[in-house]
Amino acid sequence: MSEETMTISLTVNGEAVTRTVPVRQHLVDFIRTELGFTGSHLGCEHGICGACSVRVDGDVVRGCLTLAVQCDGAEIVTIEGVSESGEIADLQEKFVDRNAMQCGFCTPGMLLTAAELLSQKQEMSREEIREFMSGNYCRCTGYHAIVDAIESINNTRLKG
Amino acid sequence: MKAPKFRYVRAESVAEALKLLDEYSEDGRILAGGQSLMPTLNMRLSQPEILIDINRLDDLKGISLDGDTVRIGALTRHVEVMKSDIVREHLPLIAEAIPHVAHVAVRNRGTFGGSVALADPAAEMPACVLALGGTLVLESVDGKREVAADDYFKGLYETERRDNELLIEVRIPSQKKDRVSVFLELARRHGDFAIAGIAAYGSVSGTTVNDMRLVYFGSEDKPTVGANAIAALNGKTWSDETRDAVTAALESDLDPMANLHGSAAMKMHLQKVLTGRALDAAIERAGGAQ
């Protein structure tokens, strides 16, 4: 079978892009190899680890379980986008303060998932934070420091 | 790994999707949320000739109340089910189960209909639909037909759905106010595939149990009604003696599949434990004595 391609137009981190892509290419390969945004990481490539988390039309999704062609017309935001906008600058700073990362491979996915948690503007116990973050693997920290950082910023913002 | 080559069509109407399904039959796959299909493609466990993407078919989205029936469009995403006031009020069993469906990023994308249609043995929604006596509406180029959940689940990923049929919606009777429901599951990590699970729905008066339906998932090849356990339970007062009789009867209902999560014996044990916990909770929720 020959490689079928399709031309798609979408917005990535605020910029309009049009590309012709293989229909079987998933979103994270597209973002990394076609557009050069390498902050979205590819871990397990079957939806378990969460390292590839990206935002599609406002919702965090698994980038490896979404085809690029399905995102024709969509608005994509990656870790580069939220870093640029400053939306979670406080959380990123807190990750550093609390040592909520070591190798950093899971961090972009953790931050984007945590950004969705923060956007709910709800009080959350540590247990609830762990449940919300349960789709993102970290193999270094043991999660404690990650929960610390998210809990701290969620509480600070709610007081804010 | 990377997905194998396939053709891709974004269906613009239900009619177009049905026509393609009819044409390609078993060589075509419906791409709904993709949260189960995409992993099998990336791992090259399946190699369809064509993916028929139904994500833009707005006719298949949404939750509505139609008399005493809740209608859930097949393309309704788990997150929408989770946030639905209709589901919270009329289908508390599903409201209790939905947080157990995978993780936030998967719920944002995965669909209710996809989960029910695929019938993964560890999935929560097929068990709930079966426990609540739901009906699946399937459509092909030949027309629509309704299949009771009781008749839909046949075996490991085997269902009553024909290769040229698309699940359109699921109709679930509103839970009756004088009944209780309980959903419990055990998984290694919150949101992971269930090792054992139970969906229970029925009536409890004081500590007497009636018309209770027990559906088991996670351990079997398909969501399974615990017919013998139910027979040992209904009409009885919930007591240590009843618990022993029900869990003993359960052994003839279930035939757990051993896998990395545990042996058949361990899963049988866990389903018995969950049965006891579910009935304890049902009695408590109905206001009866502990």
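In the text below, chain A, chain B and the rest are named by the order of the sequence lines, each starting its count at 1.
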Under 4.5 Å from any heavy atom of chain A - which part of B/Leu37
neither
Is a side-chain N or O of A/Glu4 found less than 3.5 angstrom from the main chain of B/Arg7, in a donor-acceptor match?
no
With rounding to the nearest 0.5 Å, note down the distance linking CD in A/Glu131 to NE2 in B/His190.
4.0 Å
Any chance you could measure B/Met43, atom CE, to A/Cys44, atom SG, to the nearest 0.5 Å?
8.5 Å
Sub-3.5 Å donor-acceptor pair from the side chain of A/Ser134 to the main-chain atoms of B/Gly191, do we have one?
no
Within a 6.0 Å radius of atom CD on A/Glu123, are there more than 12 heavy atoms belonging to other residues, nucleotides or ligands?
no
Mind running side chain to side chain contact (heavy atoms under 4.5 Å, CB included) on A/Leu65 and B/Arg109 for me, showing each step along the way?
CA-CA 9 Å; A/Leu65 300 186; B/Arg109 193 93 192 139; over 6 Å; no
Measuring heavy-atom distances to chain A, does B/Arg56 have an atom under 4.5 Å in its side chain, in its backbone, in both, or in neither?
side chain
For chain B, find which of A/Asp59, A/Leu42, A/Val56 contributes the most heavy-atom pairs closer than 4.5 angstrom.
A/Asp59
Between the CD atom in A/Gln25 and the OH atom in B/Tyr8, the distance rounded to the nearest 0.5 Å is 13.5 Å
I'd like to know whether CZ of B/Arg188 has more than 12 heavy-atom contacts from other residues, nucleotides or ligands below 6.0 angstrom.
no
Within the 4.5 Å heavy-atom criterion, are A/Tyr137 and B/Arg189 side-chain neighbours or not?
yes
Distance (rounded to the nearest 0.5 Å) between A/Thr66 OG1 and B/Met38 CE:
7.0 Å
Got a sec: does the NZ of B/Lys5 have more than 12 other heavy atoms crowding it under 6.0 Å?
yes
Residue-level contacts of residues 93-115 of chain A with chain B, using a heavy-atom cutoff under 4.5 Å:
A/Thr113
Drop me the distance from A/His46's NE2 to B/Asn42's CG, to the nearest 0.5 angstrom.
9.5 Å
Could you tell me which portion of B/Leu41 (side chain, backbone, both or neither) has an atom closer than 4.5 angstrom to a non-hydrogen atom of chain A?
neither
Looking at A/Glu128, I want to see if its CD is surrounded by more than 12 non-hydrogen atoms of other residues, nucleotides or ligands under 6.0 Å.
yes
Best-contacting candidate, B/Val104, B/Val79, B/Asp192, against chain A by heavy atom pairs under 4.5 angstrom
B/Val104
More than 12 heavy atoms from other groups under 6.0 Å of CD on A/Glu3
yes
Could you check which of A/Ile48, A/Asp29, A/Asp72 has the highest count of heavy-atom pairs closer than 4.5 Å to chain B?
A/Asp72
Side-chain (B/His103) to main-chain (A/Gly135) donor-acceptor, under 3.5 angstrom:
yes
Distance in Å, A/Leu67 CG paired with B/Arg10 CZ, rounded so as to fall on 0.5 Å steps:
11.0 Å
Out of A/Met6, A/Gln70, A/Arg130, A/Met133, which one racks up the most heavy-atom pairs below 4.5 Å with chain B?
A/Gln70
Within the distance-only criterion (no hydrogens, no angle test), does the side chain of A/Arg24 pair as donor or acceptor with the backbone N or O of B/Lys2 below 3.5 angstrom?
no
Relative to chain A, which segment of B/Pro4 carries a heavy atom at a distance below 4.5 Å: side chain, backbone, both, or neither?
backbone
